[in-house]
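We count ligands from 1, going down the list as the structure has it; atoms in each ligand are counted the same way.
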Amino acid sequence: MTAIWWVRDDLRLHDNPALAAAAAAGDVIAVHVDERIDGVRAAGGASRWWLHHSLRRLGDSLREHGVPLVLADGDPEQVIPQLVRETGAEQVQWNRRYHRPRRDLDARLKSALRAQGVRAESSDGFLLHEPWTIATQKGEPYRVYSAFARACRDAAPPRPDDAAAPNLSGPADEVHAAGHAMAQWRRAEHLEEILDRRGWVPTAPDWAEGLRETWTPGEAGAWDRLDALEDVLDDYARHRDRPALQGTSRLSPHLRFGEISPHQVWRRSRELGPGEGPETFRDELLWREFAWHRLFHLPELATRNVRSQFDAFDWREDEDDLRAWQRGRTGIDLVDAGMRQLWRTGWMHNRVRLVVGSFLTKNLRLHWRHGEEWFWDTLVDADEAANPFNWQWVAGTGDDAAPYFRVFNPERQQERFDPEGEYVRSWLPEVGTGDRPAPLVDLRASRRDALAAHQRLSGQADE
Ligand SMILES: Cc1cc2nc3c(=O)[nH]c(=O)nc-3n(C[C@H](O)[C@H](O)[C@H](O)COP(=O)(O)OP(=O)(O)OC[C@H]3O[C@@H](n4cnc5c(N)ncnc54)[C@H](O)[C@@H]3O)c2cc1C
């Protein structure tokens, strides 16, 4: 029997319930669809770069087991049934995703396949807990992180270790899919050609040099970061806010693309001990979880203020200021250093994300959606939940968010978290040379303006 494994944000062989189910059924054909879905944004530039390399590496790993990776594009509701017809597959397996337009599509496809007598099944491969399993006593979703995290910790522990990849085999060479024989899909050059045609790796200009230097997309790269966790966790609670240090795991893009599962990361952190470091780290994994559960319940998280009173907020519109922020030319050292780190490496330290987010939405009073969209395009870990969730958190428009009137002062933040200026100098070598733009805004005056705008909003709410 042949089973199709529909690869989505689970680009790994280990601890992958959908792949394990397909392998248990018989020969496996893996398929990835470059899909276009109404109501879902296309991946940003940095994510596309990542996906190109991650798919290539997944193709290499599957090939070692004789399993082809088919690269298709278009509407999955057409592509998957067509593949089923072409290959004679009797099963389709996938891991669930949680944004409503994607879930709706998956549900429609599941029904359509089942109606044709094909066994279509979904599994839990992306989160620690399915969103419908963590609820208050009234059966409602949690809106406050601390209560949510307690409920997660009280729930069933993560899946037991299943270190071995499943036993895999592929279909006969003469089976065709998407116009090519399986023998072709199993060739590295064939995969490379099709990936190249997608145009996800920039050439003119090649802005990905810093990404190549920083990251190794794919399951092996994820395992290297996981192995390095032991160097980080002991001091995690003390070092995680210091951007000049390698004080955090840098697992975020690997988790984003499912090159490693949160169960694997949680388990490893447990093996590394109780203690303040590992506990604080697990709290962060639960923030990831919280963001996804919120997206499950709030599908418009990226486009609507969770706290709707902010719909009337007096945001400014200023293209020049936005561009200066994006390019790291605000004249505020910590902000510019962070934006340069992002542009060069596709990643920014969490503390600095908070600072640049506060600066954009408060000192510049530009809408958080502008920041969210820029991050969406430039972060290698940009995801549909954590990105809008955290932007709404920083802007004060989200659930359990930092209040709008809490404005980070970037200079104080630098004194606290980069006291020697190491981080700032590493991204802004021109600091101290006089070759820096004048600050875009006066930090005190712009803070006062932001607070006044918030006051006006509160006044309206009271009327
Ligand atoms: C404005 C803003 C936007 C953000 N956008 C994203 C995004 O698109 N994708 C993303 O994964 N994270 C996002 N974050 C959260 C956080 O900055 C990153 O997850 C973290 O910096 C990744 O580095 P790390 O893997 O070394 O984290 P670690 O400190 O090692 O944490 C371990 C893991 O926990 C998760 N995590 C940690 N902090 C958070 C958080 N606040 N929210 C959700 N998950 C968290 C991540 O999966 C991370 O890999 C954003 C934060 C802010 C303030």
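- For atom 38 (N) of ligand 1, the closest non-hydrogen atom on the protein side is Glu284 OE1, 3.1 Å.
- Distances below 4.0 Å separate heavy atoms of Leu255 from the following atoms of ligand 1: 47 (O), 49 (O).
- Here the options are Phe310, Trp391, Trp315, the test is ring pair (Phe, Tyr, Trp, His ring centres under 6.0 Å), and the partner is His367; only Trp315 passes.
- Heavy-atom proximity to Leu251, at under 4.0 Å, picks out these atoms of ligand 1: 25 (O), 49 (O).
- Taking atom 41 (N) of ligand 1 as the reference point, the nearest protein heavy-atom neighbour is Asn390 OD1, 3.1 Å.
- In this view, Ala445 and Asp442, Arg448 satisfy the side-chain contact (heavy atoms from CB on, under 4.5 Å) rule, not counting sequence neighbours.
- Counting only non-hydrogen atoms, the option in Val356, Asn387, Val352 that gets closest to atom 8 (O) of ligand 1 is Asn387.
- For Phe290 and Tyr142, the ring centers sit 6.0 Å or farther from each other.
- Partner Trp215 forms a ring pair (Phe, Tyr, Trp, His ring centres under 6.0 Å) with one of Phe257, Trp50, Trp49 and no other, that one being Trp50.
- The N/O atoms of His349, backbone and side chain alike, include none that comes under 3.5 Å of an N/O atom in ligand 1.
- For Asp283 (side chain) and Phe281 (main-chain N/O), no donor-acceptor pair under 3.5 Å exists by modelled atom type.
- With sequence neighbours excluded, the residues that form a side-chain contact (heavy atoms from CB on, under 4.5 Å) with Asp336 are Thr330, Leu428, Arg436.
- Looking at ligand 1, you'll find an N or O of Thr248 within less than 3.5 Å of one of its N or O atoms.
- For the side chain to side chain donor-acceptor pair (under 3.5 Å) with Tyr98, the lone residue among Glu384, Arg103, Glu130 that qualifies is Glu130.
- Scanning the protein heavy atoms around atom 46 (C) of ligand 1, the nearest turns out to be Ser252 CB, 4.3 Å.
- Remark: ligand 1 atoms within the under-4.0 Å shell around heavy atoms of Leu285 are 33 (C), 34 (O).
- Looking only at protein heavy atoms, the nearest one to atom 24 (P) of ligand 1 is Arg250 N, 3.5 Å.
- Ser249 OG, 2.6 Å is the protein heavy atom nearest to atom 30 (O) of ligand 1.
- Summary of contacts: the protein heavy atom closest to atom 9 (N) of ligand 1 is Asp381 O, 2.9 Å.
- Put simply, part of Ala382 is less than 4.0 Å from ligand 1, judged by heavy atoms.
- At under 3.5 Å, not a single nitrogen or oxygen of Leu379, backbone or side chain, sits near a nitrogen or oxygen of ligand 1.
- At the top of the distance list for atom 4 (C) of ligand 1, counting protein heavy atoms only, stands Arg353 NH1, 3.6 Å.
- Atom-to-atom distance recorded for Ser54:OG and Leu11:CG is 4.0 Å, nearest 0.5 angstrom.
- Of all the listed residues (Phe375, Trp347, Phe281), Trp347 holds the heavy atom that lies closest to atom 23 (O) of ligand 1.
- Annotation: the span from Leu13 atom CG to Glu219 atom CD amounts to 5.0 Å, rounded to 0.5 Å.
- With respect to Trp94, the ring pair (Phe, Tyr, Trp, His ring centres under 6.0 Å) criterion is satisfied by exactly one of Phe126, Trp5, Trp6: Trp6.
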